[in-house]
Structures are given as structure tokens and as C-alpha cells.
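Okay, so here's the structure we're looking at.
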Amino acid sequence: MPLCQKETKLPERETAETAYFKSVADLCKIHGLQPLDTAHLPYPYNILLSHRDIEKKLNRLPYDTELFITRSQSERTIALTTKQVYEVGNTLYYIPVIPLFRFLKHKENKASGKLLLAVMSYLYREAGIPYYRDEGNFMYDNYEINKEYFLECLNESPDEYEEDISDIIRNELCGDIMQRKIYNRYHLDNFAKTIERFKPQNAFDEECLLIAKDALALYLEFPNSSVFQHLEEPEDTDEIPTPETYISFIGDGKGWVYENVERYINDYLGNFAEMALPTRIQLFDGTTTEAETLEFEYRLFELIADLCNILFELP
């Protein structure tokens, strides 16, 4: 929908007011807002003041929202349109799996580890987070490039890279083991029971329980929703990087391989002024009855951030 642009001639008053305030009523009903009474104001000041008032009220809600006055394709009528964008900023939402692999080796961690496995299973199977061992995705290619570079160095100085090759092997083997674990349907089928049976013993357990409850709530409230559902793939990925560049499962959260991969991706993303981001646009023309927001994305990215805070702190 094209935005209304400044022109020397205003749209015809009766047509514009009728269409605009009908759209206002539609938006306010859906979002539960009280429209400002501007009937006593002259045109077009009544529309401008109403627009400003609604925009302020929308942004008292949990999610940042832009409000536009748009034209229909025929340009005969106008309506309000909202736009929400989830801004990731400079954050890389990389979920390391090997810290949990090490954590699960200790029997005393089994209960809380099962909670974190269930969260990862939801993120992988349902939310569609890419996994670095799945061939063909961005992160897999970066690990392979790093490995090829290392092998070239190994051929030149084989005695200097014993520790580095161990890091590569660990990221591959442990990553494959963890992938099989989190792909197991058992974790999702028994998610609620796992939470119900869990008895936290300390502050760490409480954190794991809270994250698990948040993940289960997303799973139940937003079935069939994925992280990429409100993303338009750019026509040219050489101009705008895809979301796989900033959200993915990775191997370890430390070590030579992680540092190299992270450095390469940061350098790669530094070449771009923007990225493909979750976006929702809703036109209020009487055809919709529910608010279309990025609530799922806001809660999902918060969940991932909380999970990463735990995983990166594991020994």
C-alpha cells in the first residue's frame, strides 16, 4: 500500500473523512483503544490529530508500532496501516549445544538437562531454528569453510595444530550427537510432564524451569509458528543477509572454532547496512478482526536470549 504523500491539493473531504474514521473505528475495536473525539475540528486537522493520538496509544502497548495513512490500490480511499518490525540490533542469537552436552555427562544434572533439551527440541523442531550440522544452511557452510582453511594450515605445519583439530572434531561429533537428542520427538510429547515432575533445588534449577515454561507456553499458544514466518526472503542475498546469519544453533560457545566462525560472520555482516527482519503489516479496512502483531517473535527471541545466557555460563 502506498503512503499518502504531501500534495498541493487535499483529498476530497467527505470521501477522506468517511474512509479514515471508518478505519479508525476498525483499528480501535481490534486493539481495544478509545478514539479521540475530533468531530469539532476542521479538516484535515481532525485527521492529523487523530492519527497522532492513535499512534501514541498504540505505542503504550508492548510492541513498537508505526502507524501510516495509506491509499487503496485504486487511490480512491484511504485507511490506517500498522507496521511492526523486530529489530535484532547487533545481537547474534547463536545457541551453543556442546555446553549442554558436557552438562549432561554428570548424573546430578539430568533433571535440569532434560528441561533444556526440551527447550532446544522445541526451537529446532517447531520454531525452525537452523542447526549448524544440517547441510546447505549458512552456519554449516561457515563451519566447513573454517575446516577447509584449517586443513590447508595443517598441511603446512602439522605439529602446530593438534589442539585445533580436536576442537573441529569435537564440534562435529558432539554436534551430531546433540542433534539426534534434540530431534527426538519424546521431549516435545512429554514437555508438560517433564516440567510438572521437575523439583528445583537451587537458583539455577529455577532459571531452567522458567525458561522451559516459557517455551511450552509458546509451543501451545502459537502452534505451527516459526522464526521465519514473517520474513520476506530478499531477492538478492548479496545485498541483504538472510536471518540464518544471526540466528542458529552452533557447536561450542568457546574455543578456536567458535572464535574463528564468529569473527568471520561479524566481518561478513559488517558489509551490510540492513538485514532481513521479522515484519508484520496490517491494513485496517474492515477485512480483519484480530490484531496481527509480532508477539510470537518478541517472546521467542527473548526465550533464546535467556537460554543462551544459561548455556554460555555452563562450564
Side-chain angles (χ1 to χ4, degrees), residues 87-102 120-121 123-125 127-183 226-228 231-278 300-301 304-305 307-309 311-314:
E87 298 284 353
V88 299
N90 296 320
T91 304
L92 299 176
Y93 291 87
Y94 293 163
I95 309 168
V97 299
I98 293 179
L100 184 57
F101 174 84
R102 291 191 291 262
M120 285 189 176
S121 184
L123 293 174
Y124 183 45
R125 292 188 60 109
I129 308 299
Y131 196 86
Y132 76 107
R133 296 296 295 153
D134 284 330
E135 292 187 28
N137 67 41
F138 175 82
M139 195 60 70
Y140 175 88
D141 292 342
N142 276 279
Y143 273 82
E144 287 299 300
I145 290 171
N146 184 69
K147 181 180 177 180
E148 290 171 8
Y149 169 75
F150 167 78
L151 292 176
E152 291 178 6
C153 296
L154 184 64
N155 289 332
E156 297 174 4
S157 305
D159 296 333
E160 296 181 14
Y161 293 97
E162 182 177 350
E163 183 177 345
D164 295 337
I165 196 167
S166 297
D167 198 18
I168 288 177
I169 293 171
R170 179 170 59 253
N171 273 275
E172 292 186 352
L173 294 182
C174 296
D176 290 340
I177 293 171
M178 289 300 295
Q179 185 177 26
R180 290 193 293 272
K181 286 181 179 292
I182 67 176
Y183 188 74
S226 76
V227 66
F228 301 134
L231 285 158
E232 292 186 8
E233 290 292 335
E235 295 181 4
D236 187 354
T237 55
D238 291 333
E239 295 184 4
I240 301 179
T242 63
E244 288 183 335
T245 59
Y246 60 80
I247 181 168
S248 178
F249 284 99
I250 60 172
D252 212 340
K254 58 185 178 181
W256 175 80
V257 171
Y258 170 72
E259 291 172 1
N260 273 19
V261 170
E262 185 184 44
R263 185 185 309 113
Y264 172 82
I265 294 174
N266 275 321
D267 290 344
Y268 170 77
L269 292 176
N271 296 318
F272 301 94
E274 59 180 320
M275 295 187 291
L277 299 170
L300 178 70
F301 279 94
I304 294 171
L307 175 63
C308 288
N309 287 337
L311 296 174
F312 275 99
E313 291 298 322
L314 290 179

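D167 places a side-chain N or O within donor-acceptor distance of the main-chain N or O of W256, the cut-off being under 3.5 Å. Counting only distance, with no hydrogens or angles, the side chain of S121 and the backbone of I182 share a donor-acceptor pair below 3.5 Å. With hydrogens and angles disregarded, no donor-acceptor distance shorter than 3.5 Å links the side chain of N146 to the backbone of N142.
When all heavy atoms of Y94 and T245 are compared, the pair lying nearest together is OH-O, 2.5 Å. Shown here for G253 and P96, the closest heavy-atom pair between the two residues is N-CB, 3.8 Å. Residues R102 and D252 come closest through the heavy atom pair NH1-OD2, 2.9 Å. Counting all heavy atoms, side chain and backbone alike, E274 lies closest to P241 at O-CD, 3.3 Å. Here the closest heavy-atom approach between residue A127 and residue L300 is recorded as CB-CD1, 4.1 Å. Of all heavy-atom pairs between V261 and M139, the closest is CG1-SD, 3.9 Å.
Taking a 6.0 Å sphere around CZ of F312, one finds it holds more than 12 heavy atoms contributed by other residues, nucleotides or ligands. A 6.0 Å sphere centred on CD of E144 holds more than 12 heavy atoms belonging to other residues, nucleotides or ligands. More than 12 heavy-atom neighbours from other residues, nucleotides or ligands sit within 6.0 angstrom of CG on D267.
Residues I265 and Y246 have side chains not in contact (no heavy-atom distance under 4.5 Å, counting atoms from C-beta outward). Counting only heavy atoms from C-beta outward, the side chains of V227 and I304 never approach each other to under 4.5 Å. Side chains of F228 and I247 form a contact here, defined as non-hydrogen atoms less than 4.5 Å apart. Looking only at side-chain heavy atoms (C-beta outward), I129 and F249 come within less than 4.5 Å of each other. Contact annotation: the side chain of Y143 never approaches that of I168 to less than 4.5 Å [non-hydrogen atoms, C-beta and beyond]. Side-chain atoms of L92 and N266, non-hydrogen and from C-beta on, do get closer than 4.5 Å to each other.
A donor-acceptor pair shorter than 3.5 Å can be found between the side chains of N260 and R263.
Ring centroid separation for the pair F138 and Y268 comes in under the 6.0 Å cut-off.
Under the side chain to side chain donor-acceptor pair (under 3.5 Å) rule, Q179 has a single partner from Y124, Y132, Y131, which is Y124.
Atoms OH and CD1, from Y258 and I98 in turn, are 12.5 Å apart once rounded to the nearest 0.5 Å. Put simply, CE on M178 and CG on L100 are 4.0 Å apart, with the number rounded to the nearest 0.5 Å. Between the CE atom of M120 and the CG atom of L311 there is a distance of 4.5 Å, given to the nearest 0.5 Å. For the atom pair CD (E262) and CD1 (I250), the distance works out to 7.5 Å, reported to the nearest 0.5 Å. Going from atom CZ of R133 over to atom CD1 of I177 covers 11.0 Å, rounded to the nearest 0.5 Å.
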